[in-house]
Undergrad: 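My questions will all concern the structure given below.
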Amino acid sequence: MYFVLFTVFACLSTCHCFIQKDVKKDESHCGLLKQWLESSLVSVELTKTGFHREVVTTVELGPGVLSGVRVVLVQRWPRGVYVDPYQLASLSEQSNWQILIDSAIDLEVPAHKTEGFVTYVYPALDGPTPRLKVTIPVHGRYHEPSYDGETFASVELEHPELLLRTEKCSQLNSVAPHTVVDAPCTHDNSSTCPWVKLQHQERGPAGVQFPVGDGSLVTPVCGGTLLVTMLCCAALSKHMWEHRII
């Protein structure tokens with residue numbers, strides 16, 4: 001009887017020790033994850049001009065090796081721009097990142113007939129002090145003509161959100177003031193996982209301007225186009241009649 005009780009007590013003590021060790025390891029990884037968040041920086045640069053731009057996002061993560069950490073950049077795009085899924089698929093094959101788009105992209109519709117969308121970029125970490133650089137080609141949509149003399153339409157691009165995750169940190173609520181959000185686990189599935197979002201950095205949106213048509217010229221341009229078309233048809237008909245061209 002005493003032997004049985006001693007055995008049970010020994011087993012419980014051993015289990016308690018293992019649990020304590022797991023909790024300490026979990027807290028250690030959560031602490032390292034928080035340090036990474038506090039020392040990480042995200043910067044955005046717009047290159048090229050006209051309707052075809054490039055958004056270059058650079059992420060500088062904190063020093064030190066934290067194995068098992070995954071990164072995702074969440075970019076919320078307004079209705080005034082679009083990305084080409086086929087172009088991005090080709091780029092991702094040549095780069096060290098993968099991308100997921102939350103909705104179908106229609107390349108032809110104008111800005112006022114579409115909605116914004118979200119992209120999730122999953123870069124691969126490399127080196128003890130990773131420095132990630134992701135270049136996304138962005139194209140401007142056609143906007144409605146302006147009737148108040150404006151020649152450009154302004155589109156504001158928000159800065160991407162940096163999310164980090166590791167399986168070794170289960171107590172994600174301990175990384176305050178950073179918040180925990182749900183996002184797709186990988187680029188090729190629809191299931192979601194909890195991620196820790198880098199605390200918002202005080203940066204305003206980047207403004208992009210695209211040329212728009214002059215709405216006051218719609219009537220004269222349409223009238224002139226119709227007149228020229230009619231004159232060309234009349235001249236062509238006369239030429240065919242005089243030369244008996246059937």
Undergrad: Quick check: do L157 and V55 have side-chain heavy atoms less than 4.5 Å from each other?
TA: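 In short, these two side chains touch, coming nearer than 4.5 Å.
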Undergrad: Any heavy-atom pair between the side chains of L41 and V59 that's under 4.5 Å?
TA: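 Of all side-chain heavy-atom pairs linking L41 with V59, none is under 4.5 Å.
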Undergrad: Under a 4.5 Å cut-off applied to non-hydrogen side-chain atoms, are Y122 and I99 in contact?
TA: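 Side-chain contact under 4.5 Å: no.
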Undergrad: I'd like to know if the side chain of D102 reaches the main chain of V118, judged simply by a donor and an acceptor atom lying under 3.5 Å from each other, with no hydrogens or angles considered.
TA: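 Yes.
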Undergrad: Indicate yes or no for a side-chain donor-acceptor contact from S92 to the backbone of A89 under 3.5 Å, with no hydrogens or angles considered.
TA: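 Checked: pair present.
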Undergrad: Between F51 and F210, how do the two ring planes meet: parallel, tilted or perpendicular, split at 30° and 60°?
TA: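 Parallel.
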Undergrad: Cluster question for you: counting only ILVMFWY and a side-chain heavy-atom cut-off of under 4.5 Å, with indirect links fine, are V81 and I101 together?
TA: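 The answer is yes; both residues are in one hydrophobic cluster.
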Undergrad: Which value, rounded to the nearest 0.5 Å, describes the distance between I105 atom CD1 and H139 atom NE2?
TA: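 It comes to 11.0 Å.
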Undergrad: Check salt bridge (charged side-chain N to carboxylate O under 4.0 Å, His left out) between K48 and all other residues, then give those that pass, not counting sequence neighbours.
TA: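 Checked K48 against salt bridge (charged side-chain N to carboxylate O under 4.0 Å, His left out); matches are E54.
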Undergrad: Could you tell me the separation between the CD atom of E161 and the NZ atom of K197, rounded to the nearest 0.5 Å?
TA: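 Atom-to-atom, E161:CD and K197:NZ are 4.5 Å apart.
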Undergrad: Mind checking what makes salt bridge (charged side-chain N to carboxylate O under 4.0 Å, His left out) contact with E115, not counting sequence neighbours?
TA: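 Here the qualifying residues are R79.
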Undergrad: Of V71, T135, L91, L73, which is the lone residue that meets side-chain contact (heavy atoms from CB on, under 4.5 Å) with W97?
TA: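 Of the listed options, the one satisfying the test is L91.
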Undergrad: What do you reckon, is OH of Y142 surrounded by more than 12 foreign heavy atoms closer than 6.0 Å?
TA: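 No, not enclosed.
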Undergrad: Is the shortest heavy-atom distance from the side chain of L163 to the side chain of V181 under 4.5 Å?
TA: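 Contact flag for L163/V181 side chains = yes.
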Undergrad: Say whether, by atom type as modelled, one donor and one acceptor occur between the side chain of R70 and the main chain of L164 under 3.5 angstrom.
TA: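 It does not hold such a pair.
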Undergrad: Taking all non-hydrogen atoms of both residues, which atom of L46 and which atom of G207 are closest, and how far apart?
TA: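 Heavy atoms of L46 and G207 come nearest at CD1-O, 4.2 Å.
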Undergrad: Any chance you could measure D188, atom CG, to L100, atom CG, to the nearest 0.5 Å?
TA: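 Result: 8.5 Å between the selected atoms.
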Undergrad: Any side-chain heavy atom of T58 sitting closer than 4.5 Å to one from E45?
TA: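 In short, these two side chains do not touch, never coming nearer than 4.5 Å.
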Undergrad: Just by modelled atom types, is the R141 backbone N or O under 3.5 Å from a matching donor or acceptor in the H143 side chain?
TA: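 Judged by distance alone, yes, a pair lies under 3.5 Å.
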Undergrad: Is there a side-chain contact between V56 and V44 in this structure, where contact means two heavy atoms from C-beta onward sitting under 4.5 Å apart?
TA: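 Side chain of V56 against side chain of V44, heavy atoms only: no contact under 4.5 Å found.
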Undergrad: Less than 3.5 Å apart, any donor N or O on the side chain of H159 or Q75 sitting next to an acceptor on the other?
TA: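 No donor-acceptor contact under 3.5 Å links the two side chains.
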Undergrad: When you look at Y82 and L107, which way does the side chain to side chain contact (heavy atoms under 4.5 Å, CB included) test go after all the steps?
TA: CA-CA 7 Å; Y82 71 91; L107 310 183; 3.5 Å; yes
Undergrad: Quick one: pull up CD in E108 and OG1 in T114 and give me the separation to the nearest 0.5 Å.
TA: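 Output value for this atom pair is 12.0 Å.
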Undergrad: Rounded at 0.5 Å granularity, tell me how far CG in L132 sits from CG in L162.
TA: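 So the gap between those two atoms works out to 8.5 Å.
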Undergrad: Could you see if F152 belongs to whatever hydrophobic cluster contains V155? Use Ile, Leu, Val, Met, Phe, Trp, Tyr and a side-chain cutoff under 4.5 Å.
TA: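 Unlinked, F152 and V155 end up in two clusters.
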Undergrad: Could you state whether V109 and V83 fall into the same hydrophobic cluster, counting links through intermediate Ile, Leu, Val, Met, Phe, Trp or Tyr residues with side-chain heavy atoms under 4.5 angstrom apart?
TA: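 Different clusters: V109 never reaches V83 through Ile, Leu, Val, Met, Phe, Trp or Tyr contacts under 4.5 Å.
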Undergrad: Of all the heavy-atom pairs spanning G80 and A111, show the shortest one and how long it is.
TA: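 In this case the closest contact between G80 and A111 is CA-CB, 4.1 Å.
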Undergrad: Could you tell me whether the side chains of W77 and T119 share a donor-acceptor contact shorter than 3.5 Å?
TA: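 A pair is found: one side chain offers a donor N or O, the other an acceptor, under 3.5 Å apart.
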Undergrad: Evaluate the side-chain proximity of R165 to V69: yes if any heavy-atom separation is below 4.5 Å, no if none is.
TA: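 They are not in contact (no side-chain heavy atoms under 4.5 Å apart), so the answer is no.
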Undergrad: Please round to the nearest 0.5 Å and tell me the distance separating atom OG of S43 and atom NZ of K133.
TA: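 The OG atom of S43 sits 9.0 Å away from the NZ atom of K133.
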Undergrad: Answer whether the closest heavy-atom distance between the side chains of K113 and P110 falls below 4.5 Å.
TA: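 Side-chain contact under 4.5 Å: yes.
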